[in-house]
Amino acid sequence: MAAVSGTDVILKKIPYHVEYLFKDASLLDSRAYIGGKWTAAASGETFPVHDPEDDQVAFHVANLSRDEVRMAVDAALAAFEVYKKFTHRKRKELLRQWTDIVKAHRNDLAAICTLELGKPITESYVTVDYGISFLEWFQGEIERLYGETIPAARDNNRIFTTREPQGVVAAITPWNSPIAMVLRKVGAAIAAGCTVVLKPAPETPMCAIAIAKLFERVGYPAGTLNIVTGDAAASASFGEELCHNTIVRHLSFTGSTAVGKYLNAECGKTLKKTSMELGGNAPFIVFEDADLQNAVNGLISSKFRSSGQTCVCANRIFVHRAIIQEFARLLQATQEKLFIFGSVWDPKVNFGPLYSPKGVEKVKQHVYDAVSKGARLVSGGSIQKDLGPHFYPPTILLDSDPQAMRFGNEETFGPVAPLVPFDTEEEVIKLANSYQSGLASYFYTENISRLWRVAEALDTGMVGVRVGLISACEQPFGGIKESGIGREGSKFGVEDYTNVKSVTVGL
């Protein structure tokens with residue numbers, strides 16, 4: 001079956017329950033974008049994209065081959081030879097125009113995100129706005145890519161440095177925040193003067209396609225951004241091509257630690273730069289002196305945003321033994337007041353389904369494992385089929401043990417809050433740092449001395465102190481240990497796509 005145009009999609013694929021009328025149906029294309037041209041797969045093959053709310057097929061998207069990925073890399077190189085000569089001011093102006101176009105299509109982008117990811121529409125607006133914030137931030141960073149002068153040790157020598165774009169960047173984005181993750185990676189690379197071959201997750205390719213549609217309208221050189229789409233079976237061959245192709249100078253990946261390790265090792269064969277934003281198993285610590293309602297609110301922001309499907313969400317929740325019962329009671333009561341279930345197209349709804357049967361099964365296994373080993377179910381714990389096949393409610397577990405239960409060594413990636421009692425600061429720091437991930441951590445205390453001690457002691461790339469939401473465009477986002485390499489967002493996110501060149505001049 002050949003890929004279809006946006007008009008065909010809007011007429012044939014979205015008649016059933018979508019309470020939204022797309023204002024620009026051309027964004028709903030299902031073709032890849034290579035060298036400035038929209039193209040179906042040469043084989044004519046497509047793969048299905050499902051709507052998580054009812055698990056029905058919403059789109060069929062072009063299923064490319066490895067050869068077509070190679071074509072996209074070649075197109076990106078040709079574009080780079082043109083784009084690298086643009087002044088910083090011109091790059092800034094183009095990025096400003098792209099930002100304005102994305103803003104103008106905010107509603108349609110949010111609707112596409114809801115349709116293929118199952119986010120409630122209110123959450124989809126949040127992820128679109130989050131993505132836009134990166135484009136706005138990167139505009140300013142373009143003209144801050146400064147060089148330096150360095151005092152030379154030798155007589156009659158002068159040394160200066162410049163920052164130059166690396167070249168062709170390969171970006172592999174996840175399904176769980178498709179608008180924001182695409183804009184965070186692509187925006188930074190484009191700001192630095194690089195060109196991009198983007199492989200979106202097979203679960204959410206339509207968001208990337210829509211973003212490329214808007215990018216096309218700005219006037220960048222053809223091939224500056226390329227979108228290569230493929231199903232899960234094609235991911236391995238796509239990854240191999242992007243890792244082994246010597247034209248690609250930088251590979252940026254967000255996803256699981258296992259896949260990130262493989263890609264990083266393969267990139268080592270050509271010694272290309274990598275940036276890896278990998279899995280987390282975030283500890284969330286509530287000390288006995290914490291403001292409990294503030295801590296509950298922070299946990300809900302961290303744990304249950306996107307139905308628990310974020311890499312920085314709290315996964316191991318340590319609560320001081322003296323307050324754990326009261327904390328659980330307050331958490332349950334706050335949830336019951338806060339969360340509204342229903343159609344993801346209803347603006348009042350703020351909690352949606354998981355992305356796939358695979359995701360649901362993992363959550364079920366983690367809850368079953370915990371309960372079978374002594375955890376006590378406080379709330380939730382079973383699928384609510386009346387809200388769809390992928391709807392798993394917010395779930396609270398007491399008497400949890402991260403050393404004996406699966407959630408302690410695996411990301412649940414779902415709306416399960418296992419509460420673990422602890423007695424001392426030293427004990428909980430040791431527990432928090434016991435896992436090989438090091439992406440994010442959180443803690444709540446009113447003691448200023450403890451605030452500094454614990455923030456310094458936690459072995460993660462990001463720490464939230466009395467806040468449950470730490471992601472922002474100006475913040476360096478990334479982890480340590482097995483949670484990744486490099487930083488996204490902030491000034492570091494743009495600098496990561498540049499090379500520092502030193503020039504020595506003899507007088």
Side-chain angles (χ1 to χ4, degrees), residues 35 69-70 72-92 94-95 98 134-135 137-148 160-173 181-199 215 220-228 238-254 260 263-277 476-478 484-503:
V69 175
R70 191 176 300 116
V73 172
D74 292 340
L77 177 61
F80 178 66
E81 294 302 319
V82 177
Y83 185 53
K84 70 179 182 180
K85 299 174 184 176
F86 285 20
T87 65
H88 290 64
R89 182 61 56 88
K90 187 171 183 179
R91 294 209 305 263
K92 179 179 179 180
L94 287 171
L95 187 56
W98 187 29
F134 284 103
L135 295 186
W137 181 265
F138 295 149
Q139 289 174 43
E141 291 302 324
I142 290 175
E143 292 187 310
R144 300 186 192 119
L145 290 171
Y146 301 142
E148 297 178 322
F160 67 90
T161 67
T162 61
R163 284 191 174 272
E164 298 181 348
Q166 290 169 348
V168 176
V169 171
I172 302 176
T173 52
M181 295 305 95
V182 168
L183 295 179
R184 187 164 77 182
K185 289 187 188 294
V186 175
I190 296 294
C194 298
T195 56
V196 180
V197 176
L198 171 68
K199 183 211 173 294
F215 185 90
Y220 283 94
T224 303
L225 173 61
N226 305 271
I227 307 293
V228 291
F238 282 26
E240 286 182 1
E241 180 60 36
L242 296 174
C243 289
H244 297 164
N245 194 312
T246 56
I247 293 173
V248 175
R249 297 294 182 87
H250 185 137
L251 186 139
S252 177
F253 169 75
T254 296
L263 293 173
N264 201 52
E266 293 302 300
C267 284
K269 296 177 180 178
T270 54
L271 286 180
K272 58 172 52 69
K273 178 81 176 285
T274 62
S275 48
M276 299 279 160
E277 198 268 281
F477 188 101
I485 301 167
R487 293 295 180 266
E488 294 191 318
S490 77
K491 69 172 186 175
F492 302 109
V494 178
E495 290 178 355
D496 210 34
Y497 293 102
T498 64
N499 295 325
V500 176
K501 175 182 284 185
S502 65
V503 180

- Item | Pair Val197-Glu241, side-chain contact (heavy atoms from CB on, under 4.5 Å): steps then yes or no | CA-CA 11 Å; Val197 176; Glu241 180 60 36; over 6 Å; no
Nearest heavy-atom pair of [X] and [Y]: which atoms, and what distance?
| X | Y | result |
| --- | --- | --- |
| Lys85 | Glu81 | CE-O, 3.4 Å |
| Lys84 | Pro165 | CB-CG, 4.3 Å |
| Gln166 | Asn499 | CG-OD1, 3.2 Å |
| His88 | Ile142 | CD2-O, 3.0 Å |
| Ala222 | Ala79 | O-CB, 3.3 Å |

- Task: Could you list the residues that satisfy ring pair (Phe, Tyr, Trp, His ring centres under 6.0 Å) with Trp98, not counting sequence neighbours?
- Result: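 Counting only residues at least two positions away or on another chain, Trp98 forms a ring pair (Phe, Tyr, Trp, His ring centres under 6.0 Å) with Phe215.
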Within this structure, what is the [atom1]-[atom2] distance for the pair [X] and [Y], rounded to the nearest 0.5 Å?
| X | Y | atom1 | atom2 | result |
| --- | --- | --- | --- | --- |
| Glu148 | Arg163 | CD | CZ | 8.0 Å |
| Arg70 | Asn245 | CZ | CG | 7.0 Å |
| Lys199 | Ile172 | NZ | CD1 | 6.5 Å |
| Leu198 | Asn226 | CG | CG | 9.5 Å |
| Thr173 | Glu277 | OG1 | CD | 11.5 Å |
| Ile247 | Leu242 | CD1 | CG | 11.5 Å |

So [Y] and [X], do their side chains get closer than 4.5 Å, heavy atoms only?
| X | Y | value |
| --- | --- | --- |
| Val494 | Leu145 | yes |
| Leu251 | Met276 | yes |
| Tyr497 | His250 | yes |
| Lys491 | Arg144 | no |
| Val168 | Val196 | no |
| Phe160 | Thr162 | yes |

Listed pairs under 3.5 Å, donor-acceptor, residues 181-195 side chains, sequence neighbours left out:
{"unit_1": "Arg184", "atom_1": "NE", "unit_2": "Glu488", "atom_2": "OE1", "d": "3.0"}
{"unit_1": "Arg184", "atom_1": "NH1", "unit_2": "Tyr130", "atom_2": "OH", "d": "3.4"}
{"unit_1": "Arg184", "atom_1": "NH2", "unit_2": "Glu488", "atom_2": "OE1", "d": "3.0"}
{"unit_1": "Lys185", "atom_1": "NZ", "unit_2": "Ser252", "atom_2": "OG", "d": "2.8"}
{"unit_1": "Lys185", "atom_1": "NZ", "unit_2": "Thr254", "atom_2": "OG1", "d": "2.9"}
{"unit_1": "Lys185", "atom_1": "NZ", "unit_2": "Glu488", "atom_2": "OE2", "d": "2.7"}
{"unit_1": "Thr195", "atom_1": "OG1", "unit_2": "Ala76", "atom_2": "O", "d": "2.8"}

- Query: Relative to the ring of Phe86, is the ring of Tyr83 parallel (under 30°), tilted (30 to 60°) or perpendicular (over 60°)?
  - Reply: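 Taking Phe86 first and then Tyr83, their aromatic rings stand perpendicular (interplane angle over 60°).
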- I would like to know whether Thr274 and Ile485 meet side-chain contact (heavy atoms from CB on, under 4.5 Å); could you show each step before the answer? CA-CA 7 Å; Thr274 62; Ile485 301 167; 4.1 Å; yes
- Task: Test side-chain contact (heavy atoms from CB on, under 4.5 Å) on Asp496 and Arg487 and set out the steps.
- Result: CA-CA 7 Å; Asp496 210 34; Arg487 293 295 180 266; over 6 Å; no
- Item | Audit row: Leu225, Tyr220, side-chain contact (heavy atoms from CB on, under 4.5 Å) steps and yes/no | CA-CA 9 Å; Leu225 173 61; Tyr220 283 94; over 6 Å; no
- Distance-only, no hydrogens or angles: does the Lys272 side chain make a donor-acceptor pair with backbone N or O of Cys243 under 3.5 Å? yes
- Is it true that a side-chain atom of Thr161 and a backbone atom of Gly147 form a donor plus acceptor pair closer than 3.5 Å?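 No.
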- Residues that Arg249 engages under salt bridge (charged side-chain N to carboxylate O under 4.0 Å, His left out), provided they are two or more places apart: none
